[in-house]
Amino acid sequence: MLIRDACLGNLCKLLEMRWTQTFIPTLKETPAEAEITSHKLLLRAGLARRLAGGLYTFLPLGLRVLRKIEAIIREEMNRAGALEVAMPCLQPPEIWQKSGRYQDMSEVLYHVYDRAKKEWLLGPTHEENITVLVASEINSYRQLPKNFYQITVKFRDEIRPRFGLMRAREFVMKDAYSFDVDERSAEVSYQKMYDAYVRIFERCGLRTIAVEAHTGAIGGSFSHEFMVPAESGENEIAFCESGKYAANVEKAVSQGPLIPTPTASTGASPEKFPTPGVLTIEALAQPPYNVPAHHQIKTLVYIVESKPVVLLLRGDDQLNEAKLAGALGTVLLRPATPEEIYELLGAHPGSLGAVGVTHVPVYADLALRGAAGMTTGANQDGFHLRHVDIARDIKVTRWLDLRTVKAGELCLATGLPLKISRAIEVGHIFKLGTKYSEKLGAVFLDEQGRPRPAVMGCYGIGVTRTLQAIIEQSNDKDGIIWPMSVAPYTVCITPLDVTPGGRIMSIAEQIYRQLIESGVDAILDDRDERPGVKFKDSELVGFPIRVAVGEKSLANEQVEIKPRAGQLMLVHKTEAVNRVLELIKRAN
RNA sequence: CGGAGCGUAGCUCAGCUUGGUAGAGCACCAGCUUUGGGAGCUGGCUGUCGCAGGUUCAAAUCCUGUCGCUCCGACCA
């Protein structure tokens, strides 16, 4: 990447950089703290160091990458018409109480107290903050639409920080908030961000898939996540090969189970039979019972906003908690304890069923519609019921989509089999609606002079996570392979003999200086090290282009250009600069 | 929050079962040699054995507590 093209203001002052003058503490061995590839390489390449769990110090090289990613984000956000602001990290709890998220997000909030013992929060996100600003500053439809963004540190008390920067207590996030006069206009704002995100991740050299997503604690009507497919990802996505459908598994739907649900009634009434020691679907599928899982009804008990509900799924299906939360419009839910279950149904987990249950709401998964001849728990420890016809024998309060889709099920849109893959979430865009504007008073007067709440959207990018996701997606056995756009330096000049004034060093310095003057972000490895050490380090750190100057090739007046992920090229020493410039140009 | 594993030199680890003067490799420093893929030799530096308490003549080692790190789980009844 040419520096002047990238508009990296501050970097321009650091044109000249020699390896011995900066700080690149590479590691030959992997620190024990790292488990996944990108985390190992983050540490080994000398990009960052851990201070405590989920807290990292960025070293000069890592910071350069971070700044380049931020620069790309700024350019694309500005291009999309968003306005940069900077909001405080420290926030008053009152606005969180107003929005209701003081409770809803209590688990991730960091609380701090001042001298007067007054409570403050370290911001995990800034919807409240920006909405309060807009509430006081924006009064007319003439001032809309607006989209404010910032790139700042966020704090979240994660249940389990892990994988280095992937899930940290403190991390850099780009967050943007749009305010519109109506739904239609909000959708335009949303689409602009969608397009900006596609460009941002493309420019960062990341392959992402935009998937339909669950809205979670942020709230709102619909959303897309930008996912980087990776084995180490913490999310699962389902997608159709056609590219026409992709969704987070928390949200994904299909044509239904591959094996149809039995719907032929045996005609018989429910019959209780003893099943001593049988506590799982799997056990009931084994001899002597031999009830296939899809002939069983799985019965779960959840506590939703302090009240119990019974959930029914096919025996071979998995409950999708996100769908349940979405369908019931709350995030305050948890599995009931065995004690609560016993009190409610008179039996312990493993023997539960919904036949005859009328004192608790019963929510059944759509795959069970019309199910007949099923087997389920009898609400008596050690017994099950067979010949259960759900329409006849169970009072279903509501039918809901509660099951998790499985790989191979058919896509609703195309009829092709769905694939499931793990993925890293690097960006998330939400259409929020008026949830925050109503609660926090972001109201403007429309053309008729009527007060209306602004229609909001919010848009996040995990900047530090994106950095590590790039490493996770782009590496080989030797180290990182940085895309040119975000590499800490684009070119590494590697003289194999650093004797000052010597022929090799002189030629290396000449090439180096010419590249710098051409606006190329280059570093000169002036360390008095053996060639093997320099080669290994440059590959570990992952500079996109290495120019080696050594005795061997110089015998033919040549130097070596080695793209990190490409073939070695021998070129005449006077051609080196031009060839490097060509390579850079071609990559842009 | 539940479960498991691990805390010994800057890094990777051995030593712990069976208590008895703190170890190796890498890194670092000095010197010589080497010089196109993480060099070789010689010499040297480096430790509250995570912390606190206990048992013991004696604790890195055994016991208790505690803190930290890593992994799994915290839907699938």
Side-chain angles (χ1 to χ4, degrees), chain A residues 25-36 39-40 43-44 46 49-55 107 157 159-164 167 232 234 249-250 275 278-284 293 296-303 310-325 333-342 344-345 347-354 365 376-379 381 384 402-404 406 478-479 494-499 502 504 527-541 546 548-555 559-560 562 568 570:
Chain A
T26 57
L27 301 172
K28 220 186 285 190
E29 292 179 285
T30 303
E33 70 189 70
E35 201 66 26
I36 65 172
H39 188 191
K40 290 176 184 169
L43 299 170
R44 286 193 56 211
R49 286 291 184 265
R50 189 181 68 85
L51 173 66
L55 298 173
E107 290 192 344
D157 189 0
I159 296 175
R160 182 145 84 93
R162 56 173 157 182
F163 301 149
R167 185 167 291 281
S232 60
E234 296 186 279
V249 163
E250 292 186 339
T275 50
V278 171
L279 293 174
T280 61
I281 301 285
E282 175 61 17
L284 201 56
Q296 299 185 42
I297 301 174
K298 179 186 286 188
T299 308
L300 309 173
V301 180
Y302 262 68
I303 304 295
V310 170
L311 308 173
L312 304 182
L313 290 141
R314 227 173 72 165
D316 57 338
D317 276 339
Q318 313 283 316
L319 172 67
N320 190 321
E321 227 176 66
K323 285 186 179 178
L324 177 65
L333 50 84
R334 61 171 174 84
T337 64
E339 295 75 30
E340 289 168 331
I341 292 172
Y342 188 80
L344 188 75
L345 298 176
H348 289 99
S351 305
L352 306 178
D365 179 66
T376 187
N379 279 342
D381 288 349
H384 279 74
L402 296 175
R403 67 187 293 275
T404 305
K406 296 175 188 167
D478 295 314
T494 307
L496 300 182
D497 174 357
V498 295
T499 309
I504 291 171
R527 292 177 299 169
D528 186 10
E529 284 286 356
R530 300 167 66 84
V533 172
K534 295 181 155 195
F535 290 153
K536 287 287 184 195
D537 268 349
S538 76
E539 282 153 15
L540 175 60
V541 173
R546 177 176 68 214
V549 185
E551 206 174 336
K552 239 188 220 173
S553 46
L554 217 46
V559 300
E560 296 159 32
K562 172 71 175 71
L568 182 74
L570 282 168

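Chain letters run A, B, ... following the sequence lines, proteins first and then strands; every chain starts at 1.
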For the side chain of A:Lys534 and the backbone of A:Leu496, is there at least one donor-acceptor N/O pair under 3.5 Å apart?
no

Less than 4.0 angstrom from a charged side-chain N to a carboxylate O is my criterion; do A:Glu539 and A:Arg546 meet it?
yes

From C-beta outward on A:Arg162, which listed nucleotide comes closest to its side chain: B:C72, B:A77, B:G36?
B:C72

Per atom distances to the A:Arg160 side chain, the nearest of B:G38, B:A77, B:C71 is B:C71

If you only use heavy atoms from C-beta on, which nucleotide in B:G38, B:A77, B:U12 is closest to the side chain of A:Ala32?
B:U12

C1' atom, B:C62 versus B:C32: distance in rounded Å?
49 Å

Does A:Glu29 make a side-chain donor-acceptor contact with the base of B:G10, cut-off 3.5 Å?
no

Upstream residue (5' side of RNA chain B) when A:Ile36 and A:Arg527 are each assigned their closest nucleotide:
A:Arg527

So which nucleotide from B:U70, B:A77, B:U12 ends up closest to the side chain of A:Leu300?
B:A77

B:A60 and B:G50, which share atom name C1', separated by this distance in whole Å
12 Å

Heavy atoms under 4.0 Å, any strand shown: does A:Arg167 hit a base, just sugar-phosphate, or nothing?
nothing

For A:Gly550, report the nucleic acid contact type (base, sugar-phosphate, nothing); a contact means any heavy atom under 4.0 Å.
base

If you round to the nearest 0.5 Å, how far is CG of A:Asp365 from CG of A:Leu402?
5.0 Å

Under a 3.5 Å cut-off for both contacts, is B:G5 paired Watson-Crick or G-U wobble with anything, and if yes, with which nucleotide?
B:C69

When the distance from CD of A:Glu234 to P of B:C72 is rounded to whole Å, what number comes out?
9 Å

Within the structure shown, what part of the strands sits under 4.0 Å from A:Glu107 by heavy-atom distance: base, sugar-phosphate, or nothing?
nothing

Counting only heavy atoms not in A:Glu340, do more than 12 fall under 6.0 Å of its CD?
yes

Please state whether the base of B:G36 and the side chain of A:Glu560 form at least one donor-acceptor pair under 3.5 Å?
yes

If you assign A:Pro349 and A:Glu539 each to the RNA chain B nucleotide with the nearest heavy atom, which residue ends up on the more 5' nucleotide?
A:Glu539

To the nearest Å, give me how far apart CG (A:Leu352) and P (B:A77) are.
10 Å

In whole Å, what is the span from the CG atom of A:Asp528 to the C1' atom of B:A39?
13 Å

Give the nucleotide from the list B:C69, B:C75, B:G38 with an atom nearest to the side chain of A:Arg50.
B:C69

Minimum side-chain heavy-atom gap A:Ile281-A:Asp316 below 4.5 Å
no

Could you check whether A:Leu540 gets within reach of a base, just the sugar-phosphate, or nothing at all, counting any heavy atom under 4.0 Å?
base

Just the rounded figure in Å: distance from P of B:G37 to NZ of A:Lys562.
15 Å

For A:Phe163, answer base if it contacts any base atom (sugar-phosphate contacts may also be present), sugar-phosphate if it contacts only those atoms, and nothing otherwise; contact means non-hydrogen atoms under 4.0 Å.
sugar-phosphate

Mind checking A:Arg314 for me? I need base, sugar-phosphate or nothing, with any heavy atom below 4.0 Å counting as a touch.
nothing

Note: A:Glu234-A:Arg160 ion pair, threshold 4.0 Å (strictly below)
no

Does the base of B:G38 carry an N or O that pairs as donor and acceptor with the side chain of A:Arg44 under 3.5 Å?
yes

Out of B:U70, B:G36, B:A77, which has the shortest distance to the side chain of A:Lys552?
B:G36

Regarding A:Leu313, tell me which of base, sugar-phosphate or nothing describes its non-hydrogen contacts under 4.0 Å with the strands shown.
nothing

Among B:C75, B:C71, B:U12, the one nearest any side-chain atom of A:Pro31 is B:U12

Taking the side chain of A:Arg530 as its heavy atoms from C-beta onward, which of B:A27, B:A74, B:U35 lies nearest to it?
B:U35

